[in-house]
Student: 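Attaching a single structure in structure tokens format; questions to follow.
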Amino acid sequence: MKLAHLTITQAQDLLLKGEITPVDLVEALIDRINAYDENINAYITVLGEEALEQARSMKDTQKPDLEKHPLYGIPIAVKDLICTEGIKTTCASRILQTFVPPYNATVFDALKRAGAIIIGKTNMDEFAMGSSTENSAMGVCRNPWDLDRIPGGSSGGSAAALAADMCFGALGSDTGGSIRQPASYCGVVGLKPTYGLVSRFGLVAFASSLDQIGPMAKDVRDTALLLNVIATYDERDSTSIPREKMDYLKDLEEGLEGFTVGVPEEYFVGGIDADVENAVRGAIKLAEEMGAKVKKISLPHTEYGVAVYYIIAPAEASSNLARYDGVKYGYRYEEAKSLMDMYCETRSRGFGAEVKRRIMLGTYVLSAGYYDAYYKKASQVRTLIKRDFDEAFKECDVLITPVAPTTAFKIGEKTDDPLQMYLTDIFTLPASLAGIPGMSIPCGLDGNGMPIGLQILAAHLNESKIFRVAYNLEKAIGFERKELGS
Amino acid sequence: MKISRKEVEHVASLARLKFSDEEMEMFTRQINDILIYMDKLNELDTKDVPPTFHAMEKENAFRNDEIRPSLEIEKVLSNAPADDGESFVVPKVF
């Protein structure tokens, strides 16, 4: 097997045995990126030289201490909306094209402390607004399984880099499905943690009551390893939850005996591909065969998730993105005659169409006379969605659903109709609105050979239950990670 | 129509955005479609339902009121399109 195709755990094994060095891992990835990323466009910035230098400095140290440095010598990719001191952080936007953060995000410091090597910053939908990574000012990212298809979004670059063996692990961010959906479309694993589990200090804000950073990897075990590193309490993020540090690797191998798996009927409705439904139902059957009790349940407000989300997220975005005014950082239109002219020209030239659409929508729903009809109403329905989950988790340990109604669609297929694009998020939005954790793992291929993902949801802070179910299912499903593009 | 072109023009000015004629037509049409879809929420009676503004119920997170180091001024200004070493510089207001 090629070095770049290894999981983090497999690579660490070889590092510990002294059979390879971090330099070998970085060189293997640079070869892959040089050969393949011209087609995929998963990276906005590749840090080849810097990564090699860091790897060389590790070469002569004695046997790695994985207790202290759980990601020793492992090259990791970071979504380009996580601030990295001295390294461009563009959010895939023209308005931040030249932005070099003066400080690090907490998660980035955590990765470095754990011994990780940063191999690059990944492509995304501009400001994480999108479901296909087509809304990137740095160019469309393509799905390594089929270059005519989108990789999902908004963390499409992170998912594509993993699927094409151009990194060993990655960080993404998920506001309404932006980790889970691209992971599903690219056949990798992605977790949106509980809101507040991972610090967002240094994450460029999109919708603050929803945004969450999370790990993406080639398998479940690697995902747990990454979460162990980044799930730290941080007083610099006022939404960070103070708590004991957990070891998410600990219970992975426990069985599913005594677990109750809920299957919400609203996630298997019209519009869902037969291949997707069959694959997810097949996996649920496997869970049952492993000793889990399967229970049909109802989340009656699921169908309102899209309407609620596309009011709340744009409303918060319109406020968060008010800071891009050409004054403090980023692009400025230099020819402006007045301050007001500078604001308007800078923003109109700096933002792409989808970002402007959401700022407009958000500004409208918050404007005088419409607040109650839209924002308040949506926030009330958000309560109903949250209560649905509260009820479900009284009798279920986890829920299993599809991640999306279909597999990855063709590039350009949905770009003319924003509402059709929004509706692809229907199965990931409710968990985001409720703040609960959700994971996507691959569970098969459809008739076109594209990966299908299943979603595992649990109550707040019950990531360990998700990992346990995911690890068992991954083994039982036996999804084959292909060496794509070789 | 849920929203007229005139209203979209007003929202654009609130959001400090400028659009061409063609863009204005497109946004009016698309935002209209999206708002019609949002009407779905009116199927639900939410009279006694409290709104959720935050996914996790949390008290205010206060920190101790003590002086701590912040970013140096050079770093703060390092990304500014224009500065004079101490402040951000912007075009004349009037």
Side-chain angles (χ1 to χ4, degrees), chain A residues 98-100 102-103 194-196 209-210 235 238-239 241 301 303-304 306-308 310-311 318 325-332 334 336-339 341-345 347-348 351 356-357 359-361 363-364 367 374 376-384 386 418-419 422 433-435 460, chain B residues 2-3 7-8 10-20 23 26-28 30-31 33-44 46-58 60-64 71-72 74-83 88-94:
Chain A
T98 58
F99 177 62
V100 179
Y103 60 88
T194 301
Y195 183 82
S209 82
L210 298 157
E235 63 170 6
S238 63
T239 59
I241 306 167
H301 298 94
E303 62 173 304
Y304 300 100
V306 174
V308 171
Y310 281 97
I311 291 170
S318 71
D325 55 6
V327 174
K328 301 175 291 300
Y329 34 66
Y331 167 77
R332 169 190 289 188
E334 296 289 355
K337 304 276 180 294
S338 68
L339 186 63
D341 194 34
M342 185 200 81
Y343 291 155
C344 292
E345 292 292 344
R347 289 165 63 77
S348 299
F351 291 134
K356 288 187 215 173
R357 188 152 38 239
I359 291 174
M360 291 289 288
L361 195 55
T363 305
Y364 176 73
S367 64
Y374 291 105
K376 188 171 169 219
K377 181 80 184 181
S379 301
Q380 286 173 309
V381 180
R382 185 178 185 180
T383 304
L384 299 177
K386 205 162 166 263
L419 190 55
Y422 298 170
L433 292 165
H460 289 141
Chain B
K2 299 285 288 184
I3 187 168
E7 280 177 292
V8 175
H10 173 63
V11 172
S13 77
L14 290 176
R16 305 287 184 259
L17 289 170
K18 271 186 183 169
F19 295 114
S20 68
E23 285 175 314
M26 180 187 76
F27 278 116
T28 306
Q30 290 176 339
I31 291 173
D33 287 349
I34 295 165
L35 291 176
I36 289 169
Y37 178 80
M38 302 308 185
D39 269 347
K40 198 175 169 54
L41 294 181
N42 294 323
E43 294 166 9
L44 295 169
T46 50
K47 197 162 55 94
D48 298 318
V49 181
T52 294
F53 295 121
H54 235 267
M56 299 289 279
E57 282 152 38
K58 213 183 164 201
N60 270 336
F62 293 115
R63 64 170 170 76
N64 293 332
L71 282 180
E72 299 128 47
E74 299 81 56
K75 281 191 165 188
V76 173
L77 295 174
S78 63
N79 280 284
D83 71 277
F88 298 107
V89 174
V90 298
K92 275 188 183 163
V93 178
F94 297 109

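All chains are named by letter (A, B, ...) in the order of the sequence lines, taking the proteins before the strands, and each is independently numbered beginning at 1.
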Student: Considering only heavy atoms and a distance below 4.5 Å, find which of B:E23, B:K92, B:M56, B:H54 pairs most often with chain A.
Tutor: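 Most pairs with chain A among the choices: B:M56.
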Student: Determine the option with the most heavy-atom pairs under 4.5 angstrom with chain B, choosing from A:I359, A:V381, A:V327.
Tutor: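 Between A:I359, A:V381, A:V327, the count favours A:V327.
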Student: Can you measure from CZ (A:R382) to CZ (B:F53) and round to the nearest 0.5 angstrom?
Tutor: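 Spacing of CZ (A:R382) from CZ (B:F53) equals 9.5 Å.
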Student: Counting only heavy atoms closer than 4.5 Å, note whether B:V8 contacts chain A via side chain, backbone, both or neither.
Tutor: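 Interface part for B:V8: both.
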Student: Can you say whether B:F62 sits under 4.5 Å from chain A via the side chain, the backbone, both, or neither, judging by heavy atoms?
Tutor: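 Contact with chain A is absent: no heavy atom of B:F62 under 4.5 Å.
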Student: Less than 4.5 Å to any heavy atom of chain B: does that hold for the side chain of A:L433, its backbone, both, or neither?
Tutor: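 Only the backbone of A:L433 comes within 4.5 Å of chain B.
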Student: Where the side chain of A:Q380 meets the backbone of B:P51, is there a donor-acceptor pair that is under 3.5 Å apart?
Tutor: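 Flag not set: sc A:Q380 to bb B:P51 has no pair under 3.5 Å.
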Student: Using 0.5 Å steps for rounding, measure from the NE2 atom of B:H10 to the OH atom of A:Y364.
Tutor: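 Output value for this atom pair is 10.5 Å.
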Student: Can you say whether A:T194 sits under 4.5 Å from chain B via the side chain, the backbone, both, or neither, judging by heavy atoms?
Tutor: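 The answer is the side chain of A:T194.
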Student: Flag this pair as yes if the NZ/CZ of B:K75 is under 6.0 angstrom from the six-membered ring centre of A:Y103 and inside a 45 degree cone about the axis; otherwise no.
Tutor: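 Cation-pi check for B:K75 and A:Y103: fails.
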Student: Quick one: closest heavy-atom pair of A:G435 and B:A55, and the distance?
Tutor: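 The pair with the smallest heavy-atom distance is CA-CB, 3.5 Å.
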Student: Could you walk me through whether A:S379 and B:T52 satisfy the side chain to side chain contact (heavy atoms under 4.5 Å, CB included) test, starting with their C-alpha distance in whole Å, then the side-chain angles of each, then the deciding distance to 0.1 Å, before giving a yes or no?
Tutor: CA-CA 5 Å; A:S379 301; B:T52 294; 5.6 Å; no
Student: Verify side chain to side chain contact (heavy atoms under 4.5 Å, CB included) between B:L14 and A:S367, making sure each step is shown before the conclusion.
Tutor: CA-CA 9 Å; B:L14 290 176; A:S367 64; 4.3 Å; yes
Student: Do you know the tightest heavy-atom contact between A:C344 and B:L17?
Tutor: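 In terms of heavy atoms, the two residues are closest at SG-N, 4.5 Å.
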Student: Does any heavy atom of chain A fall under 4.5 Å from the side chain of B:E7, the backbone, both, or neither of them?
Tutor: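 It is the side chain, since no backbone atom gets that close.
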Student: Roughly how far, to the nearest 0.5 Å, is CD1 of B:I31 from CG of A:L419?
Tutor: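 Between atom CG of A:L419 and atom CD1 of B:I31 there are 12.5 Å.
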Student: Side chain, backbone, both or neither: which part of B:L71 has an atom under 4.5 Å from a heavy atom of chain A?
Tutor: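 The side chain, not the backbone.
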Student: What part of A:E303 gets within 4.5 angstrom of chain B, counting heavy atoms only: side chain, backbone, both, or neither?
Tutor: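 Contact with chain B: backbone and side chain both.
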Student: Pick from B:L44, B:I34, B:V90: which one has the most heavy-atom pairs with chain A under 4.5 Å?
Tutor: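 Counting heavy-atom pairs under 4.5 Å, the top option is B:L44.
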Student: Checking side chain to side chain contact (heavy atoms under 4.5 Å, CB included) for the pair B:L35/A:L361: CA distance, chi angles, key distance, verdict?
Tutor: CA-CA 9 Å; B:L35 291 176; A:L361 195 55; 4.1 Å; yes
Student: In terms of heavy-atom pairs under 4.5 Å, which option from B:S13, B:S78, B:A12, B:A15 contacts chain A the most?
Tutor: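 Looking at each of B:S13, B:S78, B:A12, B:A15 in turn, B:A15 comes out on top.
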Student: What closest approach, in Å, do B:K2 and A:Y374 show between heavy atoms, and which atom pair accounts for it?
Tutor: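 Minimum heavy-atom separation between B:K2 and A:Y374: CE-OH, 3.6 Å.
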Student: Which bit of B:L77 comes within less than 4.5 Å of chain A, counting heavy atoms only: side chain, backbone, both or neither?
Tutor: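 B:L77 has no heavy atom closer than 4.5 Å to chain A.
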Student: What heavy-atom pair brings A:G326 and B:P81 nearest, and what distance separates the two atoms?
Tutor: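 Nearest heavy atoms, A:G326 then B:P81: O-CG, 3.3 Å.
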Student: Can you tell which part of A:S238 gets under 4.5 Å to a heavy atom of chain B, answering side chain, backbone, both or neither?
Tutor: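 Both backbone and side chain of A:S238 come within 4.5 Å of chain B.
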Student: Got a salt bridge between A:D341 and B:K18, using NZ or NE/NH1/NH2 to carboxylate O under 4.0 Å?
Tutor: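 B:K18 and A:D341: salt-bridged.
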Student: What's the separation between atom OH in B:Y37 and atom OH in A:Y310, rounded to the nearest 0.5 Å?
Tutor: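 One gets 10.5 Å once the value is rounded to the nearest 0.5 Å.
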Student: Would you confirm whether B:N79, through its side chain, and A:K328, through its main-chain N or O, come within 3.5 Å as a donor-acceptor pair?
Tutor: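 Not at all, since once roles are kept as given, no pair shorter than 3.5 Å links the two residues.
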Student: Without swapping roles, check the side chain of A:T383 against the backbone of B:P50 for a donor-acceptor pair under 3.5 Å.
Tutor: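 A pair under 3.5 Å: yes.
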Student: Going by ring pair (Phe, Tyr, Trp, His ring centres under 6.0 Å), name the residues that satisfy it together with A:Y331, two or more places apart in sequence or in a different chain.
Tutor: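 In terms of ring pair (Phe, Tyr, Trp, His ring centres under 6.0 Å), with neighbours along the sequence ignored, A:Y331 is linked to no residue.
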Student: Quick check: closest heavy atoms across A:Y304 and B:K40, and the distance to 0.1 Å?
Tutor: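 The answer is CE2-O, 3.4 Å.
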Student: State, without any angle test, whether B:T46 and A:K377 hold a side-chain donor-acceptor pair at a distance under 3.5 Å.
Tutor: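 Yes - a donor-acceptor pair under 3.5 Å links their side chains.
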Student: Considering only heavy atoms, which portion of A:M342 lies under 4.5 Å from any heavy atom of chain B: side chain, backbone, both, or neither?
Tutor: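 For A:M342, the side chain is the part near chain B, not the backbone.
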Student: Can you give me the closest heavy-atom contact between B:M26 and A:R357, atom names plus distance?
Tutor: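 Closest heavy-atom pair between B:M26 and A:R357: CE-NH1, 4.1 Å.
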Student: Heavy-atom cut-off 4.5 Å, strictly under: side chain, backbone, both or neither for B:N42 against chain A?
Tutor: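 It is both, since atoms from each part get that close.
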